[in-house]
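Values below: all heavy atoms of this structure, side chains included; hydrogens, waters and symmetry mates excluded.
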Amino acid sequence: MSLGTLVRICAILHSVPPDRIPALKGRFSNFLKNGFPDVKAVGTGSRAEYWPEHVSQLLVAFELLRFRMPQTAAAKAVTGSIDVVLEAVARAAGRLPNEDAGPPVLLSVTSNALVEDAKRADLADVAISVAGSVGRGEGASTAMIVDVTDLVARAVAAAATTDEPFGAAFFAAADRHKVG
């Protein structure tokens, strides 16, 4: 998938008006400058291709940005829980065609402190886990829930309006391409 398609999908998912698309592109640029996600062609002069694992990471990170988490914190949280995120997205994609596939796949995002200073190296501990397996972390009394099933469904619907449409099978492959 191209960066342009990914930007269009995020713009649809987050109801970004046309005059705010440059700011959205800036967020993508900031992520990429900081090595998130780990896309091989960035900085080489060749076109970067975004695979299911890259798209999955970015979609979850943008969900965290919706709650005003700083970009570096969102990238660190997703990167630190990459296997959990990719597995959740793949599981959610597997449930899409079947309405009776069970409850939605939810990610719980918890923190032991305010995540407000993205420039600190010792940024607050942010943990991402599948909501059904969430244990109460020490000091983590507040959690944010990301409905990954809904996120994947909305992304597939948004992709249908682009020149690079994809289905749930695209995300089902996310955890087969482990990063790192």
Side-chain angles (χ1 to χ4, degrees), residues 1-16 21 24-25 27-28 31-32 34-42 47-67 69 71 73-110 126-134 143-180:
M1 173 182 309
S2 69
L3 179 60
T5 298
L6 192 49
V7 169
R8 284 191 298 279
I9 289 168
C10 280
I12 292 167
L13 288 178
H14 299 286
S15 303
V16 176
I21 299 291
L24 180 64
K25 287 180 181 177
R27 291 205 179 246
F28 274 97
F31 273 141
L32 294 171
N34 291 313
F36 176 80
D38 185 18
V39 180
K40 299 296 181 216
V42 171
R47 180 180 170 187
E49 283 291 323
Y50 294 85
W51 296 96
E53 65 273 16
H54 304 129
V55 176
S56 300
Q57 291 174 70
L58 283 163
L59 291 178
V60 171
F62 271 96
E63 287 298 300
L64 301 180
L65 296 181
R66 287 176 72 181
F67 289 93
M69 184 179 284
Q71 270 191 271
K76 181 179 176 184
V78 172
T79 301
S81 302
I82 189 66
D83 290 340
V84 171
V85 169
L86 295 180
E87 181 183 335
V89 169
R91 281 181 41 205
R95 293 182 180 189
L96 278 188
N98 183 0
E99 293 292 325
D100 299 325
V105 178
L106 303 174
L107 288 177
S108 171
V109 183
T110 59
V126 176
I128 298 178
S129 58
V130 175
S133 64
V134 174
M144 173 178 44
I145 301 294
V146 176
D147 184 341
V148 182
T149 305
D150 179 64
L151 177 62
V152 170
R154 290 184 299 126
V156 168
T161 67
T162 71
D163 56 350
E164 295 183 70
F166 56 81
F170 177 82
F171 288 110
D175 70 339
R176 289 187 220 131
H177 303 283
K178 299 286 185 186
V179 178

Checklist entry - Say you draw a straight line from CD of E63 to CE of M69; how long is it, rounded to the nearest 0.5 Å? => result 12.0 Å
Checklist entry - Nearest heavy-atom pair of L107 and A88: which atoms, and what distance? => result CD2-CB, 3.7 Å
Checklist outcome for this item: To the nearest 0.5 Å, atom CZ of R8 lies from atom OG of S2 at 6.0 Å
Checklist entry - Quick check: are there more than 12 heavy atoms from other residues, nucleotides or ligands sitting under 6.0 Å from CZ of R27? => result no
Item to check | Candidate pair V55 and F170, rule side-chain contact (heavy atoms from CB on, under 4.5 Å), full reasoning | outcome: CA-CA 10 Å; V55 176; F170 177 82; 3.9 Å; yes
Item to check | Side-chain heavy atoms of I9 within contact of M1, under 4.5 Å | outcome: yes
Item to check | 4.5 Å side-chain heavy-atom contact, C10 and L24 | outcome: yes
Item to check | Heavy-atom closest contact (A172 atom, A90 atom, distance) | outcome: O-CB, 3.6 Å
Item to check | Interatomic spacing from CD1 in I12 to OG1 in T161 - rounded to 0.5 Å | outcome: 3.0 Å
Item to check | Smallest separation among heavy atoms of V152 and A92, with atom names | outcome: CG2-CB, 4.2 Å
Next on the checklist: Tell me whether T149 contacts the main-chain N or O of V105 through its side chain, where contact means a donor paired with an acceptor under 3.5 Å.
Outcome noted: yes
Item to check | Partners passing ring-ring contact (aromatic ring centres under 6.0 Å, His included) against F31 (at least two apart in sequence or in another chain) | outcome: F36, F62
Item to check | Side-chain touch L58/Y50, heavy atoms, less than 4.5 angstrom | outcome: yes
Next on the checklist: Show the nearest heavy-atom pair for residues A168 and A93, with the distance to one decimal.
Outcome noted: O-CB, 3.3 Å
Checklist entry - Measuring from H54:NE2 to L3:CG, what's the distance to the nearest 0.5 Å? => result 12.5 Å
Checklist entry - In this structure, which one of T79, V78, L32 forms a side-chain contact (heavy atoms from CB on, under 4.5 Å) with P37? => result L32
Next on the checklist: Assess the residue pair L151 and L13 against the criterion (side-chain contact (heavy atoms from CB on, under 4.5 Å)); give the C-alpha distance rounded to whole Å, side-chain angles, the decisive distance to 0.1 Å, and a yes or no.
Outcome noted: CA-CA 8 Å; L151 177 62; L13 288 178; 4.3 Å; yes
Checklist entry - What closest approach, in Å, do I128 and L64 show between heavy atoms, and which atom pair accounts for it? => result CD1-CD1, 4.4 Å
Checklist entry - Any idea which heavy atoms bring A155 and F166 closest together, and the distance? => result O-CZ, 4.1 Å
